Amino acid sequence: MGEHDRGYETISRAALPVATVELARYLIGKIVVRETPDAVLSGRIVETEAYPPGDAAGHAYRGETPRNHALFLGPGHAYVYLAYGVASMLNVSSEPAGVGAGVLIRALEPTCGIASMQQNRQVETLRDLARGPGRLAAALAIDRSLDGGDLCRRGPLWLAHDGQGDPDIGTSARIGLSREIDRPLRFYQRGSRFVSGPKALNL
DNA sequence: AGTGCGATTGACT
DNA sequence: GTCAATCGCACTA
């Protein structure tokens with residue numbers, strides 16, 4: 001491993017919580033690494049949402065389809081889909097293989113490859129590069145071609161530990177849903193300015 | 001085969 | 001604060 005990725009280490013499958021809500025909390029403070037032929041991009045996860053089994057707002061609620069197949073892989077696989085025909089969304093699959101559930105990654109604090117992210121987003125402001133799920137995917141050049149990928153191995157897209165201590169985690173209702181709107185399944189790093197949503201939701 | 005609808009974003013009043 | 005853009009996919013017929 002070289003300086004270009006700050007020596008990040010992969011997160012083993014065994015280390016990932018299998019349960020969706022636990023995984024959503026666990027991922028706060030972890031690193032998403034994106035490797036392209038041109039650059040290595042990474043950011044610290046500051047906001048997630050859990051979509052556990054049986055959740056009427058989850059994409060797996062009506063059973064497995066070609067689109068949501070990746071949610072049914074074991075923990076630690078990428079589920080990427082296109083929302084509103086405009087924005088790609090990155091999720092981490094959870095629960096044992098055959099059970100459809102996952103965690104949406106909603107915001108990152110950029111750590112490496114910031115110049116490339118600015119190029120990908122056509123935006124300069126550090127705070128706005130990956131604040132929001134669609135922006136995050138755009139910043140890291142994530143699209144459906146990464147759907148189903150293994151996030152526990154080095155490759156085009158993977159998860160890493162960072163050296164920091166455990167962050168202070170806040171909880172709230174999820175954002176942008178029309179169903180199951182009151183469940184406290186959104187998690188975020190308290191006080192982080194890289195968290196999306198109304199500012200009242202990052203206290 | 002046709003239709004309706006988002007786990008959003010950015011531009012505008 | 002409101003609102004349109006945009007398209008893959010699940011659902012209905």
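Below, chain A is the first sequence line, B the second, and so on; all start at residue 1. Predicted, not measured: the structure shown is a model, and the values here were computed from it. These values consider heavy atoms only, across backbone and side chains, with no hydrogens, waters or symmetry-generated copies.
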Original post:
Going by the side chain to side chain donor-acceptor pair (under 3.5 Å) test, which pairs reach into residues 50-62 of chain A, not counting sequence neighbours?
Top reply: A/Glu49-A/Tyr51, A/Asp55-A/Arg174, A/His59-A/Tyr79
**OP:** Decide, yes or no, whether a salt bridge links A/Asp162 with A/Arg44 under the criterion of side-chain N to carboxylate O below 4.0 Å.
**Re:** yes
**OP:** Please name all residues satisfying side chain to side chain contact (heavy atoms under 4.5 Å, CB included) with A/Ala107, sequence neighbours left out, ordered by chain then number.
**Re:** A/Val46, A/Glu47
Original post:
Is the backbone of A/Thr125 close enough, under 3.5 Å, to the side chain of A/Asp128 for a donor and an acceptor to pair up by distance?
Top reply: no
**OP:** Quick one: the dot-bracket string of DNA chain C, using Watson-Crick and G-U wobble pairs with both distances under 3.5 Å, [ ] for crossing pairs and | for bases paired to another strand.
**Re:** |||||.||||||.
**OP:** Give a yes or no answer on whether the side chain of A/Thr111 reaches the backbone of A/Ser42 with a donor-acceptor pair at less than 3.5 Å.
**Re:** yes
Original post:
Given A/Asp38 and A/Thr36, is the side chain to side chain donor-acceptor pair (under 3.5 Å) satisfied, shown in steps?
Top reply: CA-CA 5 Å; A/Asp38 302 323; A/Thr36 71; 4.7 Å; no
Subject >> Sub-4.5 Å side-chain heavy-atom contact between A/Val18 and A/Leu23 >> reply: no
Original post:
Using a heavy-atom cut-off of 4.0 Å to chain A, what are the terminal contacting nucleotides of DNA chain B, in 5' to 3' order?
Top reply: B/dG6 to B/dG10
Original post:
Which residues, if any, of residues 50-70 of chain A bring a heavy atom under 4.0 Å of DNA chain C?
Top reply: A/Arg62, A/Thr65, A/Pro66, A/Arg67
**OP:** Decide yes or no for A/Ile105 and A/Leu27: does some side-chain heavy atom of the first lie under 4.5 Å from some side-chain heavy atom of the second?
**Re:** yes
Subject >> Between A/Glu109 and A/Ser192, a side-chain donor and acceptor under 3.5 Å >> reply: no
**OP:** Report the residues that fulfil side chain to side chain contact (heavy atoms under 4.5 Å, CB included) with A/Ala160, sequence neighbours left out, ordered by chain and then residue number.
**Re:** A/Tyr8, A/Ile31, A/Val33, A/Trp158
Original post:
Short question: side chain of A/Thr20, backbone of A/Ala50 - any donor-acceptor pair under 3.5 Å?
Top reply: no
Subject >> salt bridge (Lys or Arg N to Asp or Glu O under 4.0 Å): pairs with one or both residues in residues 67-89 of chain A, sequence neighbours excluded >> reply: none
**OP:** Answer yes or no: is there a donor N or O on one side and an acceptor on the other, between the side chain of A/Arg131 and the main chain of A/Leu108, under 3.5 Å?
**Re:** no
Subject >> Nearest heavy atoms of A/His77 and A/Gly148, plus distance in Å >> reply: ND1-O, 3.7 Å
**OP:** Walking along DNA chain C from 5' to 3', note the first and the last nucleotide with an atom under 4.0 Å from a heavy atom of chain A, and give both.
**Re:** C/dT6 to C/dC11
Subject >> Matching residue for A/Arg34 among A/Ile142, A/Asn120, A/Val40 - test: side chain to side chain contact (heavy atoms under 4.5 Å, CB included) >> reply: A/Ile142
Per-pair distances, 0.1 Å, donor-acceptor, side chain in residues 163-171 of chain A, under 3.5 Å, sequence neighbours excluded:
unit_1: A/Asp168; atom_1: OD1; unit_2: A/Arg190; atom_2: NH1; d: 3.3

Original post:
For A/Ala60, what residues pass the side chain to side chain contact (heavy atoms under 4.5 Å, CB included) criterion, not counting sequence neighbours?
Top reply: A/Leu71, A/Phe72
Original post:
Hey, can you pull the residues of residues 74-109 of chain A with a non-hydrogen atom under 4.0 angstrom from DNA chain C?
Top reply: A/Tyr84, A/Gly85, A/Val86
Subject >> Stretch residues 117-146 of chain A: residues that reach within less than 4.0 Å of DNA chain C through a heavy atom >> reply: A/Arg144
